[in-house]
Student: 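What follows is a single structure, and I will ask about it in a moment.
Atoms within each ligand, like the ligands themselves, are counted from 1 in listed order. All heavy atoms count here, side chains included; hydrogens, waters and symmetry mates do not. Model, not experiment: these values are computed from the prediction.
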Amino acid sequence: MPAIPAPTARATPLLVGGLRLATNLVLAPLAGYTDLAFRLCCRLQGGVGLAVTEVISAAALNRRVDRVHRFLLTSAEDRPLSVQIDGGQIAELVEAARRIEDAGHAVVDINMGCPVDKLTKKGGGSAWTTTPCQAAAAVAAIRAAVSIPVTAKIRLGWDDESITAPELARALAEAGVAAITVHGRTRAQGFSGRVRLDGIRSVVEAAPGVPVIGNGDVRSPEDAVRMLEVTGCAGVAIGRAALSDPWIFRDTWHVLRFGTRPPAPSFAERLAWVRRHFRQLCELMGPRGAVVRFRKAGCYYAGALGLDKEYRRRVSAAADVRAVETILDDVERGLHWRGEGRPEPAPIRVPQGPVDRW
Ligand SMILES: Cc1cc2nc3c(=O)[nH]c(=O)nc-3n(C[C@H](O)[C@H](O)[C@H](O)COP(=O)(O)O)c2cc1C
């Protein structure tokens with residue numbers, strides 16, 4: 001039997017405040033995707049140390065708006081869970097964090113990176129990168145109000161003229177933040193260009209006592225290794241790539257520990273995963289909501305399953321549960337299959353054009 005190399009320092013599970021995770025890999029928040037159904041299906045494959053909810057407006061949470069309760073749905077298998085909140089007012093964040101702790105969630109994450117205008121014009125999201133002192137005051141106030149770990153997700157800064165992430169990270173560290181996730185782009189960049197590993201490294205260097213989780217453009221275990229090695233970050237958060245390759249956490253954790261990928265999931269295993277996700281969606285959202293969400297999610301699985309454009313066309317037009325099941329039965333019979341191989345990255349739709357108009 002070949003000798004298994006000793007675990008490397010890169011495979012060190014993350015410690016977030018007092019919470020020891022099973023790995024150093026995080027399912028990044030993706031509004032519209034990382035709901036309970038998707039999180040459960042990802043966790044089942046292994047490798048996910050922590051998953052984060054879709055962003056939830058602190059104000060809506062405090063007002064008990066019905067719509068946001070769906071975002072808080074969780075289960076015993078969905079642990080540990082970090083709940084991400086957004087808001088521009090410290091008091092509303094504090095109140096929402098208290099509610100999150102009272103509901104028994106493990107971590108509260110403050111969104112200090114979202115570039116969307118709707119959030120930034122109220123002082124939330126990446127607007128916090130322009131006011132590091134206030135951002136630190138927010139974290140300090142939340143920390144004083146709850147005993148669960150308080151984390152923050154940031155970007156490199158507002159734009160190239162305002163790269164504030166190192167200063168922000170230092171201030172958040174002083175305020176007692178338990179971990180910082182940094183997406184290596186500025187707010188002005190949106191999702192364009194390449195993620196800047198040197199920018200993430202500067203955050204790691206600015207906050208030596210705080211676990212920094214690098215994020216952006218990780219599409220394979222090798223990308224994750226590169227992120228860890230080049231930036232010195234303690235963990236990696238993966239978002240879009242998980243949509244078409246939910247095995248990426250399992251594979252990355254295996255690579256980090258043993259230096260090799262485990263055997264790729266078979267076509268049957270991948271299809272079973274897709275069926276399971278659809279079933280979970282039906283349970284979570286009811287048949288109508290599940291079909292609507294699957295029209296989008298099902299397209300990303302074309303990458304995981306190696307399926308053709310006709311499959312995507314049919315999925316995006318599926319009218320009801322029966323139609324989705326018929327498509328998946330056809331896939332099982334070999335229809336739409338383009339051939340074996342590693343999953344291809346599927347095109348994930350992200351907002352385009354000037355960020356001010358998102
Ligand atoms: C559709 C979509 C929704 C997102 N929703 C959130 C969110 O709710 N909260 C957040 O902090 N970041 C959000 N992000 C940003 C991601 O968490 C992540 O930082 C970004 O996609 C870069 O990582 P990736 O290349 O691994 O996807 C979203 C990104 C996308 C594409």
Student: Spell out, as yes or no, whether a donor-acceptor pair under 3.5 Å connects the side chain of Arg250 to the backbone of Leu44.
Tutor: no
Student: Which of the numbered atoms in ligand 1 are below 4.0 angstrom from a heavy atom of His183?
Tutor: 19 (O), 20 (C), 22 (C)
Student: Check each of Phe267, Tyr301, Trp337 against Val331 using the side chain to side chain contact (heavy atoms under 4.5 Å, CB included) test, and report the only one that passes.
Tutor: Phe267
Student: If we only count N/O pairs under 3.5 Å, is Asp217 in contact with ligand 1?
Tutor: yes
Student: Supply the atom-to-atom distance Gln84 CD to Asn111 CG, rounded to the nearest 0.5 angstrom.
Tutor: 4.0 Å
Student: Does Arg240 approach ligand 1 within less than 4.0 angstrom via side chain, backbone, both or neither, non-hydrogen atoms only?
Tutor: both
Student: Measure from atom 26 (O) of ligand 1 to every heavy atom in Ala242, Pro29, Gly239, Gly190 and give the option owning the shortest one.
Tutor: Gly239
Student: Stepwise, does the salt bridge (charged side-chain N to carboxylate O under 4.0 Å, His left out) test hold for Arg313 with Glu310?
Tutor: CA-CA 5 Å; Arg313 192 199 60 74; Glu310 177 58 11; 2.8 Å; yes
Student: Record the part of Asn215 in heavy-atom contact with ligand 1 below 4.0 Å; permitted values are side chain, backbone, both and neither.
Tutor: side chain
Student: Counting from 1, what ligand 1 atoms have a heavy atom of Ala28 closer than 4.0 Å?
Tutor: 17 (O)
Student: So is Arg185 polar-close to ligand 1, meaning N/O to N/O under 3.5 Å?
Tutor: no
Student: Would one find an N or O of Ala241, backbone or side chain, under 3.5 Å from an N or O of ligand 1?
Tutor: no
Student: Using heavy-atom distances, let me know which of Phe71, Phe191, Tyr33 sits nearest atom 1 (C) of ligand 1.
Tutor: Tyr33
Student: Would Arg293 count as a cation-pi partner of Tyr300, with NZ or CZ less than 6.0 Å from the six-membered ring centre and within 45° of the ring normal?
Tutor: no
Student: Near Asn111, which atoms of ligand 1 are under 4.0 Å from a heavy atom of that residue?
Tutor: 9 (N), 10 (C), 11 (O)
Student: Looking at Gly216, which atoms of ligand 1 are within less than 4.0 Å of one of its heavy atoms?
Tutor: 22 (C), 23 (O), 25 (O)
Student: Under 30°, 30 to 60°, or over 60°: which ring-plane class applies to His254 and Phe258, parallel, tilted or perpendicular?
Tutor: perpendicular
Student: Report the C-alpha distance between Asp159 and Thr186 in whole Å, list the side-chain angles of each, state the deciding distance to 0.1 Å, and finish with yes or no for side-chain hydrogen bond (donor to acceptor under 3.5 Å, both in side chains).
Tutor: CA-CA 5 Å; Asp159 55 25; Thr186 62; over 6 Å; no
Student: Would you please indicate yes or no on a ring centroid separation below 6.0 angstrom for Phe278 and Phe294?
Tutor: yes
Student: Just distances here: any N/O of Lys153 and N/O of ligand 1 closer than 3.5 Å?
Tutor: yes
